[in-house]
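Written out below as structure tokens is the structure these notes cover.
Each chain gets a letter, A, B and so on, in the order its sequence line appears, and its residues count up from 1.
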Protein chains: 2
Amino acid sequence: MQGTEHAIDISELRQSCARCALLNLCLAAPIGAAELRRLDDIVKRRRPLARNEFLFREGSRHSSLYVIRSGAIKTSVLLPEGDCQVLGFHLPGEILGLDGVASERHQLSAEVLEESSVCEIPFDRLGEVAAQLPALQRQIYRIVSREFVREQEHPVMMGRKHAMTRLALFLHGFSERRSAHGLDPCSFELSMSRQDLANYLGLVIETVSRAFSRLQALGVIEVDRRHVIVRDRRALSDFARPDEPELRATA
Amino acid sequence: MQGTEHAIDISELRQSCARCALLNLCLAAPIGAAELRRLDDIVKRRRPLARNEFLFREGSRHSSLYVIRSGAIKTSVLLPEGDCQVLGFHLPGEILGLDGVASERHQLSAEVLEESSVCEIPFDRLGEVAAQLPALQRQIYRIVSREFVREQEHPVMMGRKHAMTRLALFLHGFSERRSAHGLDPCSFELSMSRQDLANYLGLVIETVSRAFSRLQALGVIEVDRRHVIVRDRRALSDFARPDEPELRATA
DNA sequence: CGAAATTTTGATTTTGTTCAATCCATGTGG
DNA sequence: CCACATGGATTGAACAAAATCAAAATTTCG
């Protein structure tokens, strides 16, 4: 409830796809300036979402895609016994809401990990606009494909037999994603809890904790609470290689 | 090289989306009979693919989507050290080739597990047709979303801590998918090797073998080579529940 | 039929999980 | 401002499960 309605309106007016820093990662990338306004018209810029808020919940009605503008969002799915499987941690430039198009209901939940803002794009209106802008249509497919490919990194990580490999792979990928956004790849804050990370990696929290400690003891990273500094980028990507028992034994 | 060119032509002429048994699972589902012909025109029906052939390979140029008409196809991605991660086993009605739209090159390989036939749909021509048929456009999104959601089952499986749970989850899902296609859900042939299955589940081959033996010893399934009979559907889905140590201990 | 490949089974080792205790950062209320 | 409670994270010890190593059995295929 901080900030008046009025203040929010002003900031919304200021925003437009044309001047968005994420433009080239986003749906709008290949569109001419003129046509961009048509897309701009249907995009709703939502007020910032606070930590622990849900962007959407499993089972709720689906009608929009969301592009993350800033922050970090966790997606997960409920399992029969009450617990859940974390499916991803999503960063700026990434798209959410593709689940749910098929069944008109979201198949997963999206929870905000740190204050985030997103652009909401009503799905049917996007379809209407895209029908008249072939370049936009193609870009939508491209983005969807990109997300599809990125999802595959998850099973690749979980397929590794050693906890260290999984964590190294995660940290390495996280670091890479930061690079791609022009952020420091060697020093960052993890916005998810150890519990979330463990769940994501298919491990228990203790094992993740030990893997962090181990990487730190080996001088690969420095970790303080949720802050991570990558000390030896090379060593990290060595550990991220498919399970070679030699590597992770002594050192 | 079996079958003459002529024979193949005849069988191709006979095929059309309109009389395809998979129509309702496929892109064409909600399209009127008249418009269906336009889609029909761009679909290439490929001659049956033999076991071990590749539908496409990682790195090769992408230009089409593929709908599996019959058979079974395995997708996988190469890992830095030379081995690979199996990402999925795909059955009739499912779509392949969405990887590769973003980068114009396939990001994964698709290998035929048993004689299969697929419809090939040139991607840009599909776009052209869909631009004029909103119902087709929507259906494409729906199918893509469906595949997207189905991919999530993989990390859910890999997230389980016990080998038995992963295998049970796989068998249960496989059985369900058969039901959906009107096939016997309780008796089937697995077309993938134990090695492929182990890789897919994030386990080694010996562990998978033992899990099979164990499920058989418990009377849940009967397994002979690659043929599986589900004896106790209920017990199977109990084992497929998130890791409850009690369940899989004795019995 | 015989060779090669795949799968199963057994014994052993390694790793991760579980259980339990401690630590530590944070926030509360006296 | 400082005990104190709280939740999250780390660490340790015992245990269980899967990986590894090795061998035997079975199937597949030439």
From D:dA18, C:dT17, D:dC29, nucleotide with atom closest to B:L203 side chain: D:dA18
Distance below 4.0 Å between B:T207 side-chain N/O and D:dA18 OP1 or OP2: no
Candidates D:dA9, D:dA13, C:dT8 - which lies nearest the side chain of B:S213: C:dT8
Between D:dT28 (P) and B:R194 (CZ): distance, integer Å: 12 Å
d(CZ, B:R51; C1', D:dC29) in whole Å: 11 Å
Distance in angstrom units between B:E189 CD and D:dT27 P, rounded: 13 Å
Side-chain-base donor-acceptor pair under 3.5 Å for B:R210 and D:dT20: yes
Check: A:R177 and A:R150 side chains under 4.5 Å, non-hydrogen atoms: yes
Within-4.5 Å side-chain heavy-atom neighbours: B:E153 and A:Q85: no
Separation between OH of B:Y66 and CD1 of B:I95, rounded to the nearest 0.5 Å: 11.5 Å
Sugar-phosphate, base or nothing in reach of A:R225, heavy atoms under 4.0 Å: sugar-phosphate
A:K74/A:D196 ion pair, N-O < 4.0 Å: yes
Sugar-phosphate only, base, or nothing, as touched by B:R226 at under 4.0 Å among non-hydrogen atoms: sugar-phosphate
Proximal nucleotide (of C:dT18, D:dT20, D:dT10) relative to the B:V204 side chain: D:dT20
Flag side-chain contact, heavy atom, 4.5 Å: B:E111 against B:L55: no
Nearest-neighbour nucleotide for the B:H162 side chain, D:dA19, D:dA18, D:dT10 considered: D:dA18
Nearest-Å distance for atom pair CD/C1', residues B:E206 and D:dA25: 15 Å
Between C:dT8 (P) and B:Q216 (CD): distance, integer Å: 10 Å
A:L215 CG to D:dA9 C1', straight-line distance once rounded to whole Å: 16 Å
Length of the NZ-C1' vector between A:K161 and C:dT17, whole Å: 18 Å
Atom-pair distance (CD on B:Q195; P on D:dT20), nearest Å: 12 Å
